[in-house]
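Inspection log for the structure reproduced underneath, given as structure tokens.
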Amino acid sequence: MAILGLFAGLAAGFVLLSEVLGRLVVDNGEIDAPWTFVIGFGPMILAGVGAVAAVLIDNARLSRS
């Protein structure tokens, strides 16, 4: 379940940060320094959050059964 959450978080990070946020903060073809770190490290952070969330959701679902 953690692997599924990892890939889901990574995909969400790339879509939200690289595509959506990247297009919003670009200015004259360039992105300022703080945004490059957010766009660069954001998908990795969201991948970790997705893995943890998937495990927690799976454990909660299994405890109800």
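Quick note: numbers below take in every heavy atom, side chains included, and nothing from hydrogens, waters or symmetry partners. Throughout, numbering of the chain's residues begins at 1 and tracks the sequence.
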**Request:** Quick one: closest heavy-atom pair of Gly5 and Ala54, and the distance?
**Result:**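 In terms of heavy atoms, the two residues are closest at CA-CB, 3.6 Å.
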Quick one: name the residues clustered hydrophobically with [X], using the 4.5 Å side-chain heavy-atom rule over I, L, V, M, F, W, Y, and just say none if it's on its own.
X: Leu10; value: Phe14
X: Met1; value: Leu4
X: Leu21; value: Leu17, Val25, Val26, Ile31, Trp35, Val38, Ile39, Leu46
X: Phe7; value: Ile3

**Message:** Tell me which pairs pass side-chain hydrogen bond (donor to acceptor under 3.5 Å, both in side chains) where either residue lies in residues 42-54, with sequence neighbours left out.
**Reply:** none
**Request:** Mind jotting down which residue pairs meet the side-chain hydrogen bond (donor to acceptor under 3.5 Å, both in side chains) criterion with at least one end in residues 48-58? Sequence neighbours excluded, please.
**Result:**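 Qualifying pairs, neighbours excluded: Asp58-Arg61.
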**Message:** Applying salt bridge (Lys or Arg N to Asp or Glu O under 4.0 Å) as the test, list every pair that has at least one member in residues 26-42; sequence neighbours left out.
**Reply:**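 Output for this query is empty, none listed.
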**Request:** Provide the full list of salt bridge (Lys or Arg N to Asp or Glu O under 4.0 Å) pairs with a residue in residues 8-22, sequence neighbours left out, each pair given once.
**Result:**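 Sorted result for residues 8-22: Glu19-Arg23.
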